[in-house]
**Q** 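A single structure is presented below for examination.
Remember, it's a predicted structure, so these values are computed and weren't measured experimentally.
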Amino acid sequence: MRSDSVKTGKQQAPHRSLFNAAGFTKEELARPLVGIVSSYNEIVPGHIHLDKIVEAVKLGVAYAGGTPVVFPAIAVCDGIAMGHIGMKYSLVTRDLIADSTEAMAMAHGFDALVMVPNCDKNVPGLLMAAARVNVPTIFVSGGPMLAGKVAGKKTSLSSIFEAVGANAAGLLDDEGLIEFENKVCPTCGSCSGMYTANSMNCLTEALGMGLPGNGTIPAVYSERIRLAKKAGMQVMELLKQGIRPLDIMTKEAVINALTVDMALGCSTNSMLHLPAIAHEIGMDFEMAFANTISEKTPNLCHLAPAGPTYMEDLNEAGGVSAVMAQLNMKGLLNTDCLTVTGKTLGENLKGVVNLDENVIHPIEKPFSETGGLAVLKGNLAPDGSVVKRSAVATEMLTHSGPARVFDCEEDAITAIKGGKIIEGDVVIIRYVGPKGGPGMPEMLNPTSAIAGMGLGSSVALITDGRFSGASRGASIGHVSPEAAVGGPIALVEEGDLITVDIPNLSLSVDISEEEMQKRKANWQPKEPKVKTGYLARYEKMVTSGDRGAILEIK
């Protein structure tokens, strides 16, 4: 066993003395050591119940003959971090989580790992760590929140952000805003729509790293506790069979995950996290590759914010397995991929059926013949940009309008709420990319303000930053190269004509190449916004959005 390096032999007597100090018995040390990575904390609603999940995992591990050992991972709540300096610290935690988990796992010689994440950067960070450490590993997430209900209609976190915009526009009174505030997030769990957290938990299933149901069983269901116990038991089976993450997270599995992403209509943030996970397994993930998958993958789900259904509805319809079963009817998945069940994906999908065709459209009657995400290129984004096509109003799939240029999010929000953005405009928010942010903050506040002001079907927003999974509308992010390195988005001037053509995968500014080069020659980089601490180090090492904002030593 790998843990023999810290517990077996005379040379390890000092190590055993420290285990003794921690209260371990000889019997416990005779068993495999299973690290349980707990993302529990008392501030993130998706994580406040993870102590119960962890206890269930511990029972499962011990029942199956292992010794469970818990250690922590951090997690930032994107909703609480939104709209202030805290949002700079969101994406950057993905790499802190991966690095610290790698350090803990390698330093203490664990034989296997159970990852217990739930929210946006937590899930991909732990998937990255799993690939690096490469000991038998299984994921069991905390599960989604139940949907809220206002005036008899289901709601979610995006509803309250948009309600703020509606209140500013005089379309919703203060009492109405307070009602949204008190009702949209009724339980613990990851926010109830197909936002980034739930996207990544569902894609963990598609990758083969979580048991069926991991992405969709609500946080407050007892079934989630049972799933956690099963995960604890199953990791011991993976250890017995010698099945490791790199046996499961193959190139083919990543393609499966991207295919499921398109069918579900996942958050655009998946186009940051899947490339980063692919990088850890040695796969070269070119952003535009997503269009190849999208062209042949129908969009089967319109979960909030793209539609009126929620994670609890997807769970009742059969969950991610039912979506994959539909895709498999047209041979769109590699069913030979191994999963943490110890079986192939194909074996897992035998007998799985779609239980609600209103939630998961049949493969023959999709919402659209193409996938939920699209990568747009053009002279405004030579290296690519990303849009959640399934959440864009039909009339905004093609749009031309004058650029309204802002070098920070705050100025854009002031203009939107001040009524200075009108129908037809294209809002540009730049210098908020991985380097420019630094940290590539989410632009949920401006997209929600646009929707709340009643402009969601007439105004586009383009940024080198990124969007929350709760964003909807013609919101185009990850524009690469970003403004901070002199990308074309830095050269756009007020009033330039911007053309968005999602069906033809194009994003352009109507100026000549000669004019572009003239502006480029006169461009000067801005001073870094942060010069000390982790963000300063991050800014020096981070790559562009089209590469997943991974860290590289220059």
Side-chain angles (χ1 to χ4, degrees), residues 37-57 73-82 90 97 114-126 139-150 154-161 180-205 210-231 264 266-267 269-270 301 303-305 308-317 319-320 359 444 468-470:
V37 186
S38 171
S39 304
Y40 167 77
N41 63 51
E42 293 185 340
I43 194 166
V44 183
H47 293 231
I48 58 172
H49 65 302
L50 293 189
D51 54 338
K52 307 296 190 298
I53 303 293
V54 167
E55 286 302 313
V57 171
I74 65 169
V76 163
C77 176
D78 277 23
I80 295 173
M82 194 71 64
S90 171
I97 291 162
V114 182
M115 306 295 198
V116 187
N118 210 30
C119 288
D120 299 28
K121 314 310 164 305
N122 205 239
V123 181
L126 291 181
F139 278 65
V140 57
S141 301
M145 183 185 291
L146 294 180
K149 192 167 284 188
V150 176
K154 287 184 177 181
T155 59
S156 58
L157 182 67
S158 56
S159 305
I160 179 62
F161 275 94
F180 273 94
E181 178 183 329
N182 289 331
K183 292 183 176 179
V184 297
C185 295
T187 73
C188 63
S190 48
C191 297
S192 55
M194 187 53 79
Y195 309 147
T196 307
N198 291 325
S199 294
M200 292 311 301
N201 283 326
C202 288
L203 296 185
T204 297
E205 270 194 63
L211 294 172
N214 181 67
T216 59
I217 297 170
V220 294
Y221 282 15
S222 298
E223 188 181 356
R224 176 65 57 177
I225 298 296
R226 296 198 297 272
L227 185 76
K229 290 176 182 176
K230 290 178 182 177
L264 284 172
C266 289
S267 163
N269 281 315
S270 64
C301 299
L303 295 149
T309 53
Y310 293 80
M311 294 304 296
E312 62 202 59
D313 303 312
L314 179 59
N315 186 63
E316 295 302 318
V320 178
V359 178
L444 177 57
S468 165

**Q** Testing N122, V140, I97 for side chain to side chain contact (heavy atoms under 4.5 Å, CB included) with P117, which one passes?
**A**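 Going through N122, V140, I97 one by one, the side chain to side chain contact (heavy atoms under 4.5 Å, CB included) with P117 is satisfied by N122 alone.
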**Q** Checking the side chain of H49 only, and the main-chain atoms of V220 only, is there a donor and an acceptor separated by less than 3.5 Å?
**A**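 Pair absent, no side-chain N/O of H49 close to backbone of V220.
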**Q** Looking at every heavy atom in both G193 and M311, which two are closest together, and how far apart are they?
**A**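 Closest pair (atom of G193, atom of M311, distance): O-CG, 3.7 Å.
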**Q** Measure the spacing between CG of D78 and SG of C119 and express it to the nearest 0.5 Å.
**A**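 That separation rounds to 8.0 Å.
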**Q** Begin from the C-alpha positions of K52 and I225 and carry the test side chain to side chain contact (heavy atoms under 4.5 Å, CB included) through to its verdict.
**A** CA-CA 8 Å; K52 307 296 190 298; I225 298 296; 4.2 Å; yes
**Q** Using every non-hydrogen atom in the two residues, find where V76 and V44 come nearest and quote the distance to one decimal.
**A**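 In terms of heavy atoms, the two residues are closest at C-CG2, 4.1 Å.
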**Q** Are S90 and K121 side-chain neighbours, meaning at least one heavy-atom pair lies under 4.5 Å?
**A**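 Touching, per the 4.5 Å side-chain cut-off.
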**Q** State the OG-NZ distance between S159 and K154, to the nearest 0.5 angstrom.
**A**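 Separation between the atoms: 12.5 Å.
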**Q** Taking the side chain as every heavy atom from C-beta outward, state whether C301 and T309 have any pair of such atoms under 4.5 Å apart.
**A**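 Answer no - side chains too far apart.
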**Q** With no hydrogens and no angle check, is any side-chain donor or acceptor of N198 less than 3.5 Å from a backbone partner on C191?
**A**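 Present.
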**Q** Please give me the minimum heavy-atom distance between M115 and L126, naming the atom from each residue.
**A**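 The pair with the smallest heavy-atom distance is CE-O, 3.7 Å.
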**Q** Before you tell me yes or no, could you show the steps for V359 and E316 under side chain to side chain contact (heavy atoms under 4.5 Å, CB included), namely the whole-Å CA-CA distance, both residues' side-chain angles and the distance that decides it to 0.1 Å?
**A** CA-CA 9 Å; V359 178; E316 295 302 318; over 6 Å; no
**Q** Using side-chain heavy atoms (C-beta onward) and a distance below 4.5 Å, is C202 in contact with L264?
**A**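 The answer is yes; the side chains approach within 4.5 Å.
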**Q** Looking only at heavy atoms, which two atoms of P45 and I43 are closest? And how far apart?
**A**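 Between these two residues, the closest heavy atoms are CD-O, 3.5 Å.
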**Q** Would you say the side-chain atoms of E312 pair up with the backbone N or O of A147, donor to acceptor, closer than 3.5 Å?
**A**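 Checking the backbone N and O of A147 against the side chain of E312, a donor-acceptor pair under 3.5 Å is found.
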**Q** Rounded to the nearest 0.5 Å, what separates atom OG in S38 from atom NE2 in H47?
**A**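 Here the interatomic distance stands at 9.5 Å.
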**Q** Using a 3.5 Å distance criterion without hydrogens, assess whether the side chain of R224 forms a donor-acceptor pair with backbone atoms of A219.
**A**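 Checked: no pair found.
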**Q** Could you tell me whether a side-chain N or O of D313 sits under 3.5 Å from a main-chain N or O of Y310, the two making a donor and an acceptor?
**A**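 Between the backbone of Y310 and the side chain of D313 there is a qualifying donor-acceptor contact (under 3.5 Å).
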**Q** Rounded to the nearest 0.5 Å, what separation is found between the CG atom of L444 and the CG atom of L157?
**A**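 Going from CG on L444 over to CG on L157, the span is 7.0 Å.
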**Q** Pick from P144, S141, S39: which one makes a side chain to side chain contact (heavy atoms under 4.5 Å, CB included) with N118?
**A**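 In the set P144, S141, S39, the residue that makes a side chain to side chain contact (heavy atoms under 4.5 Å, CB included) with N118 is S141.
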**Q** Quick check for you: to the nearest 0.5 Å, what is the distance between T216 atom OG1 and Y221 atom OH?
**A**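 T216 atom OG1 to Y221 atom OH measures 10.0 Å (nearest 0.5 Å).
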**Q** For E205 and V320, indicate whether the former's side chain and the latter's backbone hold a donor-acceptor pair under 3.5 Å.
**A**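 Absent.
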**Q** Supply the atom-to-atom distance T204 OG1 to L211 CG, rounded to the nearest 0.5 angstrom.
**A**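 CG of L211 is found 11.5 Å from OG1 of T204.
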**Q** Ignoring hydrogens and geometry beyond distance, is a side-chain donor-acceptor pair present between N201 and N214 at under 3.5 Å?
**A**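 The criterion, which ignores hydrogens and geometry beyond distance, is not satisfied for N214 and N201.
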**Q** For the residue pair D51 and Y40, what are the closest heavy atoms and their distance?
**A**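 In this case the closest contact between D51 and Y40 is N-CD1, 3.6 Å.
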**Q** Please report the closest heavy-atom contact between D120 and P124, naming both atoms and the distance.
**A**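 What the structure gives for the nearest pair is O-CD, 3.0 Å.
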**Q** State which residue, out of S267, S190, S156, C266, fulfils the side chain to side chain contact (heavy atoms under 4.5 Å, CB included) condition with Y195.
**A**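 Answer after filtering S267, S190, S156, C266: S156.
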